[in-house]
Amino acid sequence: MSIETKPLAGKTVIDLTTALAGPYATLLLAGLGARVIKVENPTRGGDSSRNNSPYVTSQGLNVRRTSEDDMSVSMMLRGRGKESITLNLKHPESKQVLFDLIAEADIVVENYSAGVTKRLGIDYASVRHLNEKLVYTSISGFGAGTENGDRKAMDTIVQALSGVMMTAGEPGQPPVRFGLPIGDLSAPLFAVIGTLSALLQAEHTGQGQHVDVSMLGALTSMVACEPFDALESVGFPLRTGAYVPRLAPFGTFRAADGYFAICAPTDQFAAGVLRAIERPDLLDSEDFGSRDARVFNADRLHGLIAGWAAEKPLDEVLEALTSNGAPAAPVRTTAEAVRDPLVLSRGEVVPLSHPKFGHFDGLFGSGLPMVLSGSRTTLDAPAPYLGEHTDVVLKALGYDSDRIENLRTAGVL
């Protein structure tokens with residue numbers, strides 16, 4: 001097998017998604033080599049991400065769109081590797097066009113609010129007869145089969161409901177919203193896992209299925225990976241701020257010119273920290289010589305580390321810790337992180353390019369953070385303009401130019 005081959009080469013995805021959760025799932029599928037045909041509503045200007053400021057213009061980044069050629073950074077990132085066609089799914093003649101697309105596809109991904117696809121007549125039950133091996137993936141806020149039509153599945157809403165906001169921040173302080181839209185980004189990961197699993201099963205059985213992933217369920221399942229109730233019942237606070245007492249020494253600390261993180265819950269790593277802060281006398285002490293003792297005296301231990309580092313340059317602090325075998329790292333800005341030569345060399349972060357204006361220095365986006373030894377996982381093609389591939393896609397289905405033009409005149413496309 002040539003390393004130029006992509007794992008999902010030959011598979012076709014009909015992308016009925018908008019915003020972030022759904023488009024991120026189909027972005028991953030595109031990076032794995034699937035052909036992703038993005039269906040966008042022409043009456044609303046396509047995917048809502050197309051109207052997310054800022055935009056890349058001929059002169060660089062701008063808060064406002066300045067010409068039809070401009071494209072939002074959001075779409076430049078989420079639309080890579082996809083083809084765009086326009087189709088007004090509320091038009092009665094659109095259903096047959098979509099059915100023709102689905103009949104030739106392997107996967108459908110949608111992230112409508114619960115109940116919308118059924119009202120449009122394009123839910124899994126309505127389309128499964130078109131293609132027995134079809135994998136139909138739904139990403140919604142609360143589950144495709146639930147009656148939550150009035151509940152809005154915004155990332156912050158899901159964060160609030162999942163409990164994750166109460167796992168960060170200081171005790172007694174207000175809830176903390178994660179700056180990263182973790183609700184929007186966790187659900188598509190599970191959706192892709194489910195989609196690929198169902199695809200493998202369809203190859204063996206000849207039968208596709210419905211993959212149903214909720215944002216709330218995905219994020220809450222991650223919260224449940226930590227036994228917070230049990231921890232609280234034995235006296236560990238739910239929210240611990242900069243430190244994690246039950247893993248002491250563990251947390252983020254301040255040096256004279258920056259912040260750093262320590263993760264040293266084991267005896268070996270903790271010994272490295274004590275040597276680094278020039279307190280080898282504590283290695284065999286009753287208060288800090290064992291893991292349970294360090295946890296019991298976590299506040300004192302973290303205070304010793306904080307006092308030692310406060311007036312020292314960050315480089316000196318990190319050198320002392322790492323040279324003594326203590327896991328430590330600087331707390332980097334996002335700008336520093338995305339320019340890390342390692343993640344850039346592995347394609348985990350990549351430069352973003354506008355389809356006409358190319359790359360502007362400093363504009364990066366997520367790559368596909370997996371390296372396969374026998375195939376490529378890259379997002380080579382830039383994001384498409386709205387409806388850029390409508391004619392090409394429909395002609396491949398057997399539509400002639402007159403039929404396409406009639407559909408466009410009627411407001412279907």
Side-chain angles (χ1 to χ4, degrees), residues 8 10-19 22-23 25-27 29-30 34-51 75 78-79 81-140 144 191 195 199 202 208-211 381 383-413:
L8 295 184
K11 301 299 183 183
T12 298
V13 178
I14 305 304
D15 181 353
L16 304 178
T17 71
T18 188
T26 54
L27 178 74
L29 294 172
R35 181 192 185 193
V36 177
I37 300 173
K38 184 173 181 60
V39 178
E40 301 190 65
N41 186 342
T43 67
R44 294 184 178 179
D47 190 320
S48 60
S49 294
R50 292 190 180 275
N51 298 310
M75 179 51 60
R78 302 168 199 172
K82 304 177 184 180
E83 301 171 40
S84 171
I85 73 167
T86 52
L87 187 62
N88 180 6
L89 293 175
K90 292 186 177 181
H91 195 290
E93 293 182 47
S94 68
K95 187 181 296 185
Q96 186 57 54
V97 179
L98 182 62
F99 282 7
D100 289 343
L101 287 165
I102 293 174
E104 300 296 324
D106 302 280
I107 299 165
V108 170
V109 182
E110 60 89 8
N111 68 337
Y112 288 103
S113 298
V116 172
T117 55
K118 187 173 183 179
R119 289 199 299 271
L120 293 173
I122 60 171
D123 58 320
Y124 179 60
S126 300
V127 304
R128 61 184 302 182
H129 71 280
L130 301 169
N131 186 338
E132 288 188 352
K133 294 178 68 174
L134 180 71
V135 175
Y136 187 108
T137 298
S138 298
I139 305 172
S140 62
T195 298
L199 193 65
Q209 59 186 294
H210 186 200
V211 178
Y385 285 110
L386 176 62
E388 181 179 337
H389 302 95
T390 302
D391 289 29
V392 172
V393 170
L394 294 184
K395 284 180 179 179
L397 292 176
Y399 289 41
D400 60 29
S401 297
D402 288 342
R403 184 178 180 187
I404 294 172
E405 189 55 38
N406 288 338
L407 289 170
R408 187 170 280 121
T409 301
V412 178
L413 305 178

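Counting non-hydrogen atoms of other residues, nucleotides and ligands closer than 6.0 Å to CD of Glu104 gives a total of 12 or fewer. Counting heavy atoms of neighbouring residues, nucleotides and ligands inside a 6.0 Å radius, atom CZ of Arg408 exceeds 12 of them. More than 12 heavy atoms of other shown residues, nucleotides or ligands fall within 6.0 angstrom of atom NZ in Lys133. Atom CD of Glu405 has more than 12 heavy atoms from other residues, nucleotides or ligands within 6.0 Å.
Between Ser84 and Arg50 the shortest heavy-atom distance is OG-NH2, 3.9 Å. Nearest approach of Arg44 to Asn51, heavy atoms of both residues: O-ND2, 4.2 Å. For the residue pair Ser49 and Arg78, the shortest heavy atom distance occurs at OG-NH1, 2.7 Å. Nearest heavy atom pair, residue Tyr399 against residue Ile404, reads CB-CG1, 3.9 Å. Of all heavy-atom pairs between Thr137 and Thr195, the closest is OG1-OG1, 2.7 Å. The two atoms that bring Ala144 and Ala114 nearest to each other are O-CB, 3.9 Å, heavy atoms only.
In this structure the side chain of Asn41 never reaches within 4.5 angstrom of the side chain of Leu89, judged on heavy atoms. Looking at Asn88 and Thr86, their side chains never come closer than 4.5 Å, going by heavy atoms from C-beta outward. Side-chain contact between Leu87 and Leu413 is present, with at least one heavy-atom pair separated by less than 4.5 Å. Looking only at side-chain heavy atoms (C-beta outward), Leu8 and Leu199 come within less than 4.5 Å of each other. Taking the side chain as every heavy atom from C-beta outward, Val393 and Arg35 approach each other to under 4.5 Å. Between Pro23 and Asn111 the shortest side-chain heavy-atom distance falls below 4.5 Å. Ile37 has its side chain out of reach of His389: every pair of non-hydrogen atoms, C-beta onward, lies at least 4.5 Å apart. Two residues are said to be in side-chain contact when any heavy atoms from C-beta on lie closer than 4.5 Å; His91 and Pro42 fail this criterion.
Panel note: side chain Asp400, backbone Arg403; a donor-acceptor pair is recorded below 3.5 Å.
Each of Thr17, Leu16, Leu98, Ile122 was checked for a side chain to side chain contact (heavy atoms under 4.5 Å, CB included) with Val108, and the lone residue meeting it is Leu16.
No side-chain donor from either of Lys38 and Thr26 sits under 3.5 Å from a side-chain acceptor of the other. In summary, the side chains of Asp123 and Ser126 do present a donor paired with an acceptor at a separation below 3.5 Å, with no hydrogens or angles considered.
Rounding to the nearest 0.5 angstrom, the gap separating the NE2 atom in His129 from the CD1 atom in Ile102 is 9.5 Å. Expressed to the nearest 0.5 Å, how far CG of Leu101 lies from CG of Leu130 amounts to 10.5 Å. Note that the CD atom of Glu388 and the CD1 atom of Ile85 stand 13.0 Å from one another [nearest 0.5 Å].
For Thr12, there are no side-chain hydrogen bond (donor to acceptor under 3.5 Å, both in side chains) partners two or more places apart in sequence or in a different chain. Residues satisfying the side chain to side chain contact (heavy atoms under 4.5 Å, CB included) test with Ser48, not counting sequence neighbours, are Thr18, Ala19.
Below 30°, between 30° and 60°, or above 60°: for Tyr136 and His210 the angle between ring planes is above 60°, a perpendicular geometry.
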